[in-house]
Amino acid sequence: MWGLQSPYNIRQVHFGNHLYYSPSRHCYSSPPVCFISLSTKTTESSKNNNQLIQSLCKQGSLKQALQVLLKEPNPSQQTYEVLIYSCAHKNSLSDGLYVHRHLIDSGFDQDPFLATKLINMYAELGSIDHARWVFDKTRERTIYVWNALIHALAMVGHGEEVLHWYSQMNWSGISSDRYTYTYVLKACVNSESAIFPLQKGKEIHAQILRHGHEARVHVMTTLLDMYARFGCVSNASSVFDAMPVKNSVSWSAMIACYAKNDMPMKALELFQQMIREEHDSVPNSVTMVSVLQSCAALAALELGKLIHGYILRRGLDSILPVLNALITMYGRCGKLELGQHLFDQMRKRDVVSWNSLISNYGMHGFGRRAIRIFEKMTNQGISPSPISFISILGACSHASLVEEGKILFESMVSKYGIHPSMEHYACMVDLLGRANRLDEAIRIIEDLRIEPGPKVWGSLLGSCRIHCNVKYAERASKALFELEPWNAGNYVLLADIYAEAKMWTEVKRVKKLLEARGLQKIPGCSWIEVKRTIYSFVSLDGSNPQNEQLHAFLQKLSKEMKEQGYVPQTKVVLYDLDEEEKEKIILGHSEKLAVAFGLINTAKGETIRITKNLRLCEDCHSVTKFVSKFANREILVRDVNRFHHFKDGVCSCGDYW
DNA sequence: TTAGGGTTAG
């Protein structure tokens with residue numbers, strides 16, 4: 001089924017008492033051949049040679065070890081083991097093939113121990129065909145041999161094949177062990193080919209319980225992680241709660257599950273519980289990365305600073321991913337300078353550190369600064385990653401640096417050999433679309449050689465919302481309704497566009513479609529951190545904190561603003577109502593409630609920091625500009641895309657967002 | 001002999 005022929009041809013020539021081999025894919029220049037004696041006597045010199053080969057490998061001198069191997073007629077199993085490990089470590093497929101050939105000639109080709117090692121080696125060297133070939137040729141397939149193949153296939157995402165061999169293994173009378181289960185569960189997650197991978201994962205879950213592995217912490221953590229990656233948070237949490245034995249890894253996996261599935265509050269609560277209740281499972285650097293991610297998502301600066309203190313006390317502040325996560329946390333909490341300071345102090349940086357900094361500046365609208373950092377990175381010899389380009393193109397987009405973005409995009413292939421992915425095309429559509437160059441944006445989509453994905457169409461629809469372009473919005477939403485019919489945001493965007501164009505019949509039609517599909521508009525939510533507590537506000541929700549007081553405050557504010565020329569931008573309301581009703585609705589937007597709460601509950605002169613789950617509406621934007629001047633306050637708002645820094649009646653986005 | 005959790009984007 002998967003081609004089990006020898007992946008390489010070996011010419012075999014009889015030459016006196018020796019066999020002469022010349023593996024065709026060898027890259028050896030010297031010596032090009034090897035001579036293997038057929039003698040089987042173990043001599044003192046043989047013992048010495050074996051020891052020498054092993055010690056040369058351990059010192060990292062693989063080439064020298066191979067020279068000794070040439071002279072040695074009787075390499076031991078252990079010698080081959082060390083050689084195989086060394087080839088994998090040196091990342092040399094040609095040497096690996098050579099050792100493999102040598103091993104076959106020495107009669108070790110049916111040794112299941114070495115077959116396992118060879119499969120592992122080929123998997124590490126990225127040659128799955130060779131791994132399969134070894135498996136095929138091995139007659140005595142121990143659980144180690146099976147696990148090695150299943151692991152090798154799982155690592156490269158061949159999920160369907162993993163599941164095939166998994167059932168073959170059980171059918172052949174070998175029972176899965178705890179290792180098999182972890183590999184198979186991983187394969188469900190990484191699979192590009194398996195049909196209904198979540199369903200398969202659930203079946204494996206049942207088998208794990210049936211075979212009494214529920215106390216195996218590795219297996220259960222992998223299971224928890226599988227559910228987390230499929231977004232099944234309640235399943236993950238049930239597995240976690242039922243685990244009789246937990247350790248730092250299982251706690252971290254559950255915290256990461258919440259952090260990755262848009263539940264940062266739950267992640268932070270669980271972290272607190274971990275510190276309070278668990279004395280054996282101590283948070284480590286991996287735990288802290290997810291915790292920082294959660295602070296960043298909430299823009300919880302004070303909490304983030306507390307966590308930073310904890311990291312320092314625990315001595316985790318020199319670990320690169322922790323530092324990178326700290327840079328991002330400070331950036332997302334509106335403290336660019338703290339992120340920059342950390343970056344400057346780092347003794348070692350990787351491409352993620354640079355990307356984090358670039359994206360921070362990009363999100364704050366400092367596009368040119370982001371480009372300078374990108375250039376500094378490449379000048380220092382650090383190769384940009386695909387994510388570097390997503391960050392820098394996003395930065396160009398927020399700052400309306402269209403030409404600069406186009407040049408960078410072209411350099412991806414020409415200068416760095418990185419082929420743009422769908423995400424990169426989505427960035428380009430966003431860059432052009434935001435700048436009202438919608439014809440160019442649609443041309444990018446039309447010229448794609450592959451089927452445009454939802455991110456590309458989503459970028460176009462977002463741009464159509466900004467520029468109220470009904471024609472392209474209808475085209476984008478038609479594609480999106482097919483690609484992701486469950487995404488309520490797309491229906492709302494289209495309805496917004498129709499509402500702005502006063503096409504009320506169409507607004508009703510889209511709303512009906514939304515209801516018919518059992519979907520609901522995502523409610524606008526804003527939150528603010530005051531004295532290390534996070535207060536969240538939902539539009540038109542009577543249960544908001546200090547509700548009466550906030551509404552009275554906003555009514556008064558609205559009156560004063562009107563006297564100074566403010567005109568409520570009621571076009572953002574999706575309903576065909578009279579102006580007064582519309583005004584009432586926009587005055588109850590969650591972001592205005594959070595601004596009012598901030599003004600009432602923070603000290604004069606203190607910067608107000610607000611975060612919002614959606615894009616900032618035009619009316620909230622102009623009201624916040626007004627308030628920043630009227631109340632003489634700096635107000636920092638992070639919406640779903642970027643930061644807005646309001647000061648003296650002006651916003652850092654230059655009204656371009 | 002083999003295993004589990006984390007960083008950057010949109």
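Lettering of chains follows the sequences in order, A, B, ..., and the numbering in each one begins at 1. The shown structure was predicted, so the numbers you read here are calculated from the model rather than taken from an experiment.
- In this structure, N120(A) reaches neither bases nor backbone, as no heavy-atom distance under 4.0 Å exists between it and the strands shown.
- With sequence neighbours left out, K200(A) forms a salt bridge (charged side-chain N to carboxylate O under 4.0 Å, His left out) with E203(A).
- Sorted by first and then second residue, the salt bridge (charged side-chain N to carboxylate O under 4.0 Å, His left out) pairs with a member in residues 218-228 of chain A read K186(A)-D225(A), D225(A)-R229(A); sequence neighbours excluded.
- Rounded to whole Å, the distance from CG on L326(A) to P on dT8(B) is 12 Å.
- Nucleic acid contact for N641(A): none, since no nucleic acid atom lies under 4.0 Å from a heavy atom of the residue.
- Atom P of nucleotide dT8(B) and atom CD of E423(A) are separated by 15 Å, given to the nearest angstrom.
- Shown for residues 149-157 of chain A: residues whose heavy atoms fall under 4.0 angstrom of DNA chain B, namely H151(A).
- Residues of residues 214-234 of chain A that place a heavy atom closer than 4.0 Å to DNA chain B, in numerical order, are V217(A), H218(A), T221(A), T222(A), D225(A), R229(A).
- Using a 4.0 Å heavy-atom criterion, one finds that K117(A) contacts the bases of the nucleic acid, with or without backbone contacts as well.
- Y491(A) is linked by a ring-ring contact (aromatic ring centres under 6.0 Å, His included) to F481(A), counting only residues two or more places apart in sequence or in another chain.
- Among pairs with a residue in residues 304-325 of chain A, those fulfilling ring pair (Phe, Tyr, Trp, His ring centres under 6.0 Å) read F271(A)-Y310(A), H308(A)-Y330(A), at least two apart in sequence or across chains.
- Counting only residues at least two apart or on different chains, the ring pair (Phe, Tyr, Trp, His ring centres under 6.0 Å) pairs with a member in residues 213-234 of chain A are Y181(A)-H213(A), H205(A)-Y227(A).
- Looking at heavy-atom distances under 4.0 Å, N247(A) makes contact with a base.
- Considering only residues two or more places apart in sequence or on other chains, D344(A) meets the side chain to side chain donor-acceptor pair (under 3.5 Å) condition with Q340(A).
- Taking D430(A) as the reference, R434(A) meet the salt bridge (charged side-chain N to carboxylate O under 4.0 Å, His left out) condition, with sequence neighbours excluded.
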Atom pairs and distances, side-chain donor-acceptor, residues 108-118 of chain A, under 3.5 Å, sequence neighbours left out:
unit_1: Q110(A); atom_1: OE1; unit_2: R139(A); atom_2: N; d: 2.9
unit_1: Q110(A); atom_1: NE2; unit_2: K137(A); atom_2: O; d: 2.7
unit_1: D111(A); atom_1: OD1; unit_2: Q77(A); atom_2: NE2; d: 3.4
unit_1: D111(A); atom_1: OD1; unit_2: F113(A); atom_2: N; d: 2.8
unit_1: D111(A); atom_1: OD1; unit_2: L114(A); atom_2: N; d: 3.4
unit_1: D111(A); atom_1: OD2; unit_2: Q77(A); atom_2: NE2; d: 2.7
unit_1: T116(A); atom_1: OG1; unit_2: P112(A); atom_2: O; d: 2.7

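- Here S248(A) lies in heavy-atom contact (under 4.0 Å) with a base.
- Using modelled atom types, one finds a donor on one side chain and an acceptor on the other under 3.5 Å when comparing N324(A) with S353(A).
- Against DNA chain B, the stretch residues 355-379 of chain A makes heavy-atom approaches under 4.0 Å through N355(A), S356(A), S359(A).
- Among the atoms of the strands shown, none is found under 4.0 Å from any heavy atom of Y181(A).
- Checked by atom type, the side-chain pair E423(A)/S421(A) shows a donor-acceptor distance below 3.5 Å.
- Residue contacts shown for A256(A) are limited to sugar-phosphate atoms, with no base heavy atom under 4.0 Å away.
- A salt bridge (charged side-chain N to carboxylate O under 4.0 Å, His left out) check over residues 361-374 of chain A, counting only residues at least two apart or in different chains, returns the pairs R368(A)-E404(A).
- With distances taken from any side-chain atom of T287(A) to the nucleotides dG6(B), dG5(B), dT2(B), the minimum falls on dG5(B).
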